[in-house]
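Below you'll find the structure, written out as structure tokens, and then a few comments.
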Amino acid sequence: MGAAPKIPRFAGAEAFLAWEDMAPERHEFVDGQAHEMDYAVAGATHRHGTIVGNASIWLREALRGTPGRVYCFEVMLAAAASYLYPDAMVTCDLRDHPSEQHRFVRYPWLVIEVLSDSTAADDRGRKFELYRGIGTLTHYLLVEQSRPHADLFFKNPQGQWVLQPLSIADTMQIDRLGQPWPVASLYDDVEFPPAGRSAGMPPPIPDPGR
């Protein structure tokens with residue numbers, strides 16, 4: 001297997017964006033440095049993709065007939081001088097509607113990240129810090145893929161971010177969606193590993209003598 005191509009250093013965001021347009025893989029640009037997107041092991045990737053798809057389908061139905069647009073991991077989010085690929089995001093801002101001049105979203109009100117062991121600290125830390133700098137953002141949803149649990153951060157009327165932990169039996173009450181959002185809908189067709197086995201481990205090999 002050949003070595004992964006080295007990511008060059010860039011003088012600024014414009015140079016990164018020009019290079020990213022031609023790169024075969026996706027990269028994010030944070031704090032002046034580009035890094036390749038992290039991909040989890042195969043089993044977790046299936047869960048990850050299913051959760052993102054479930055969220056996207058539910059949101060598109062809830063937002064039908066409104067200016068709301070749902071974008072999943074192939075569309076970049078501009079946050080200050082950083083450029084990221086959230087797992088999903090929703091914008092109702094007409095300035096984000098697609099055109100030749102708009103290469104990325106700038107004004108989302110909801111961002112969703114599906115957590116993995118390798119990305120959870122960043123999603124809860126530096127990325128959330130960058131997302132909080134977006135003036136239109138009011139909701140940030142972190143969805144676990146190793147168990148049925150989610151954390152919804154929302155901005156209260158005083159401008160403070162509040163955490164609402166959610167189990168699979170809970171619903172999210174988000175006024176802009178017009179209807180309760182069941183947490184269980186995020187996990188349709190998602191299978192979890194048995195207790196005691198981590199999400200990335202393959203199933204045990206059956207004993208032929210049994």
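Below, all heavy atoms of this structure are taken into account, side chains as well, without hydrogens, waters or symmetry copies. Only a predicted model underlies this, so the values are computations on that prediction, with no experimental measurement involved.
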Could you tell me which residues satisfy side-chain hydrogen bond (donor to acceptor under 3.5 Å, both in side chains) with [X], sequence neighbours excluded, listed by chain and number?
{"X": "Q179", "answer": "none"}
{"X": "Y71", "answer": "none"}
{"X": "R176", "answer": "none"}

Practice task
With sequence neighbours excluded, give me every salt bridge (Lys or Arg N to Asp or Glu O under 4.0 Å) pair touching residues 51-70.
Solution key: E61-R64
Exercise for the section: Can you sort out the partners of F128 under ring pair (Phe, Tyr, Trp, His ring centres under 6.0 Å), two or more places apart, ordered by chain and number? Expected result: Y140, F153, W161
Handout entry: Pairing residues for H149 by the ring pair (Phe, Tyr, Trp, His ring centres under 6.0 Å) criterion, not counting sequence neighbours
Key =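 Listed in chain order: nothing, the list is empty.
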Applying side chain to side chain contact (heavy atoms under 4.5 Å, CB included), can you list everything that pairs with [X], at least two apart in sequence or on another chain?
{"X": "F154", "result": "H139, V162, Q164"}
{"X": "T66", "result": "L63"}
{"X": "I168", "result": "P148, A184, Y187"}

Going by salt bridge (Lys or Arg N to Asp or Glu O under 4.0 Å), name the residues that satisfy it together with [X], two or more places apart in sequence or in a different chain.
{"X": "R124", "result": "D151"}
{"X": "D93", "result": "R95"}
{"X": "E129", "result": "R126"}

Handout entry: I112 side chain reached by V143 side chain, heavy atoms, under 4.5 Å
Key = yes
